[in-house]
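Right, one structure below, let's go through it.
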Amino acid sequence: MAQDKKFVEAITSMNEDFARWYTDIVKKADLVEYSGVKGCMIIRPYGYALWELIQKELDRRFKETGHENVYMPMFIPESLLQKEKDHVEGFAPEVAWVTHGGSEELTERLCVRPTSETLFCDHYKDIIQSYRDLPKLYNQWCSVVRWEKTTRPFLRSVEFLWQEGHTAHATAEEAQEETIKMLNVYASFCEEVLAIPVIKGQKTEREKFAGANETYTIESLMHDGKALQSGTSHNFGDGFARAFEIQYLDKDNQLKYVHQTSWGMSTRIIGAIIMVHGDDSGLVLPPRIAPTQLVIVPVQQQVEGVLEKAYELKERLSKICRVKIDDSDKMPGWKFSEHEMRGIPLRLEVGPKDIQKNQVVLVKRLNREKLFVSMDELETKIPEVLEDLQNALYNKALEMRKSKTFTAVNMDEMERILNETPGFIKAMYCGNEECEITIKDRMGATARCIPFEQEQISDKCVCCQKEAKHMVYWGRAY
RNA sequence: CGAGGUGUAGCGCAGCUGGUAGCGCGCUUGGUUUGGGACCAAGAUGCCGGGGGUUCAAGUCCUCUCACCUCGACCA
């Protein structure tokens with residue numbers, strides 16, 4: 001089992017301690033450094049490069065679906081935050097307040113935005129008058145602050161980077177269409193770019209966003225069997241519009257409330273990339289999101305001609321992929337491990353022997369498989385291998401999820417599965433919140449979503465055994 | 001906010017019944033090396049988390065405090 005051999009002792013093994021494994025990777029792969037403020041992280045160049053690629057891919061998809069980027073203030077006056085009742089109640093426990101400007105106490109406290117619904121609403125109220133002003137399709141890239149007590153890099157930090165889309169529509173139908181459209185954007189982004197398979201579905205009443213009529217979600221499953229909400233899309237109906245009096249004059253000369261949506265994806269998704277694809281040697285990045293897709297490691301670089309050839313290859317290959325060269329004076333083995341830890345999908349080794357044979361060695365991060373490739377065929381071979389790796393990662397993640405997805409018809413069965421083989425549990429639900437609470441209290445699992453793709457596991461609710469309304473994915477979650 | 005744990009060099013740690021600071025890795029310089037974490041030599045690096053006490057003497061004992069980590073309750 002040479003493939004499973006561990007070359008680096010620095011990373012705690014996944015099976016030994018998953019939480020430690022995660023923090024080890026985050027630090028050893030140079031994604032994050034802890035900062036002086038509890039719960040706030042320094043995102044280092046490699047981690048930020050990941051985020052930039054995520055931004056680039058998502059932003060392109062937002063633009064393609066007609067959205068425009070804006071920037072809202074970071075501060076929200078207390079009175080503004082108060083306007084929508086459910087919304088404030090949802091966020092009140094975790095907002096940070098600014099009370100002073102310099103040495104002077106403010107007449108009204110300012111909240112550091114935990115999310116920007118109220119700001120967008122306040123703005124929409126001013127700029128929307130006519131049906132001709134609709135729809136408004138805005139998005140904002142920013143950071144938000146939520147005063148969390150238990151924090152972990154990417155998964156839950158006090159300040160995090162995200163994107164929040166906020167749209168206003170003339171009709172309820174349009175708003176619903178937008179909500180689903182953006183959920184699909186997230187889902188295809190996750191599956192196509194991040195190679196993370198997701199379950200699309202709707203949140204239960206209990207789990208939905210504060211102030212939303214409906215919340216839709218994509219849920220993914222981590223290696224330890226815990227679920228991660230990877231993106232959400234909300235239909236607000238006209239609830240916020242009524243609270244903020246966002247009205248427009250329709251064609252029929254009637255004043256009507258707009259219908260709104262919001263949707264977000266955050267740096268948390270980086271946690272998902274780590275926990276879905278990573279292994280005991282470190283990060284594993286899908287090629288489409290890898291800041292460096294190919295690293296060139298010269299071997300015996302002191303031998304005349306080796307470094308020159310390596311630089312020449314870098315120059316050539318930079319036209320077809322994101323490539324870096326490691327010409328430091330570390331040992332080759334050290335470099336191999338280092339770049340594996342950072343999850344670079346493909347390594348190219350070139351040494352005197354290769355140059356003689358006019359070939360290079362390509363090594364896949366995923367399984368350390370070696371390919372000997374002629375120097376003349378790199379331009380066709382490398383994109384092919386990267387594409388294969390992208391697909392292989394998706395399939396592997398899908399297999400992993402399948403192997404951790406179970407069905408249960410009663411509480412004992414559900415609890416046994418959760419304890420013995422953590423993962424998603426498909427089980428029927430009556431729709432009564434009491435049952436959700438019972439399940440949460442008894443086994444710490446929550447309703448992840450009511451999937452669009454329904455299955456009939458049984459007729460009865462897994463908890464109360466009364467008539468079931470729908471099938472729900474349950475699980476312990478991050 | 002409850003329960004537990006850890007703070008000593010950049011990182012990981014040792015430092016006993018108190019006696020004035022050590023190991024490994026990393027770092028710097030020079031040399032030999034290079035196909036899975038090389039070797040030799042010479043270096044540099046400390047408010048022992050912070051305050052207060054006990055003592056002739058405190059990483060070490062007492063006390064308060066702060067920070068961080070892990071696990072639970074609440075959340076993207």
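A note on names: the letters A, B, ... follow the listed sequences, proteins ahead of strands, and every chain is numbered from 1.
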If you measure from the [atom1] atom in [N] to the same atom in [M], how many Å do you get, rounded?
| N | M | atom1 | value |
| --- | --- | --- | --- |
| B/G4 | B/G43 | P | 49 Å |
| B/C11 | B/G7 | P | 14 Å |
| B/A41 | B/C47 | P | 29 Å |
| B/G30 | B/A44 | C1' | 15 Å |
| B/G15 | B/A73 | C1' | 40 Å |
| B/C25 | B/A9 | C1' | 12 Å |
| B/C71 | B/C61 | P | 29 Å |
| B/G10 | B/G5 | P | 27 Å |

Sequence neighbours excluded, every pair satisfying salt bridge (charged side-chain N to carboxylate O under 4.0 Å, His left out) that has a member inside residues 282-302 of chain A: A/R288-A/E387
Salt bridge (charged side-chain N to carboxylate O under 4.0 Å, His left out) pairs, two or more places apart, involving residues 185-202 of chain A: A/R61-A/E192
Scan every strand shown for a Watson-Crick or G-U wobble partner of [N], both distances under 3.5 Å, and answer none if you come up empty.
| N | answer |
| --- | --- |
| B/U17 | none |
| B/C74 | none |
| B/C68 | B/G5 |
| B/U34 | none |
| B/A41 | B/U29 |

Side-chain donor or acceptor of A/R146 paired with backbone N/O of A/V95 under 3.5 Å: no
Nearest listed nucleotide, side chain of A/K353, among B/G36, B/A76, B/G35: B/G35
Non-neighbouring partners of A/E205 that pass salt bridge (Lys or Arg N to Asp or Glu O under 4.0 Å), sequence neighbours left out: A/K208
Could you give the side-chain donor-acceptor pairs of residues 221-229 of chain A under 3.5 Å, partners two or more places apart or in another chain?
| residue | atom | partner | partner atom | Å |
| --- | --- | --- | --- | --- |
| A/D224 | OD1 | A/K226 | N | 3.1 |
| A/D224 | OD2 | A/Y478 | OH | 2.6 |
| A/Q229 | OE1 | A/K203 | NZ | 3.0 |

What is the nucleic acid contact for [X], judged by heavy atoms within less than 4.0 Å: base, sugar-phosphate only, or nothing?
| X | result |
| --- | --- |
| A/G351 | base |
| A/F209 | nothing |
| A/R476 | nothing |
| A/V361 | base |

Rounded to whole Å, please give me the gap between [atom1] in [X] and [atom2] in [N].
| X | N | atom1 | atom2 | result |
| --- | --- | --- | --- | --- |
| A/Y186 | B/A76 | OH | C1' | 11 Å |
| A/F336 | B/A38 | CZ | P | 11 Å |
| A/I42 | B/C68 | CD1 | C1' | 14 Å |
| A/D326 | B/G36 | CG | C1' | 14 Å |
| A/K27 | B/G10 | NZ | P | 13 Å |
| A/I25 | B/C69 | CD1 | C1' | 18 Å |
| A/E33 | B/C68 | CD | P | 14 Å |
| A/E338 | B/A38 | CD | P | 12 Å |

Contact state string [nucleotides 70-75 of chain B, B base, S sugar-phosphate only, - no protein heavy atom under 4.0 Å]: SSBBSB
Under 4.0 Å protein heavy-atom contact, by nucleotide of nucleotides 26-34 of chain B - B base, S sugar-phosphate only: -S-----BB
Charged N-O contact under 4.0 Å between A/K63 and A/D59: yes
Ring centers of A/F209, A/F91 separated by less than 6.0 Å: yes
Pairwise 5' ranking along RNA chain B for A/G333 and A/G231, keeping only the more 5' one: A/G333
Position toward the 5' end of RNA chain B (nearest nucleotide), A/V363 or A/S157: A/V363
Do any side-chain atoms of residues 294-304 of chain A form donor-acceptor pairs under 3.5 angstrom with protein atoms, and if so which ones, sequence neighbours left out?
| residue | atom | partner | partner atom | Å |
| --- | --- | --- | --- | --- |
| A/Q301 | OE1 | A/K335 | NZ | 3.1 |
| A/Q301 | NE2 | A/D327 | O | 3.2 |
| A/Q301 | NE2 | A/S328 | O | 3.2 |

Spatial distance of atom CG (A/L58) from atom CG (A/L53) [nearest 0.5 Å]: 11.0 Å
Heavy-atom check, side chain of A/R476 versus side chain of A/L418, under 4.5 Å: yes
Listing, residues 151-163 of chain A side-chain donor-acceptor contacts under 3.5 Å, not counting sequence neighbours, or none:
| residue | atom | partner | partner atom | Å |
| --- | --- | --- | --- | --- |
| A/S157 | OG | A/E159 | O | 2.9 |
| A/E159 | OE2 | A/S143 | OG | 2.8 |
| A/W162 | NE1 | A/E164 | OE2 | 3.4 |
| A/Q163 | OE1 | A/Y186 | OH | 2.8 |
| A/Q163 | OE1 | A/M265 | N | 3.0 |
| A/Q163 | NE2 | A/N139 | OD1 | 3.1 |
| A/Q163 | NE2 | A/Y186 | OH | 3.2 |
| A/Q163 | NE2 | A/W263 | O | 3.2 |

Base of B/A76 and ring of A/W162 stacked, centres under 5.5 Å, planes under 30°: no
Residues that A/Y311 engages under ring pair (Phe, Tyr, Trp, His ring centres under 6.0 Å), provided they are two or more places apart: none
Chi-based syn or anti call at B/G12, which uses purine or pyrimidine torsion atoms and a 90° bound: anti
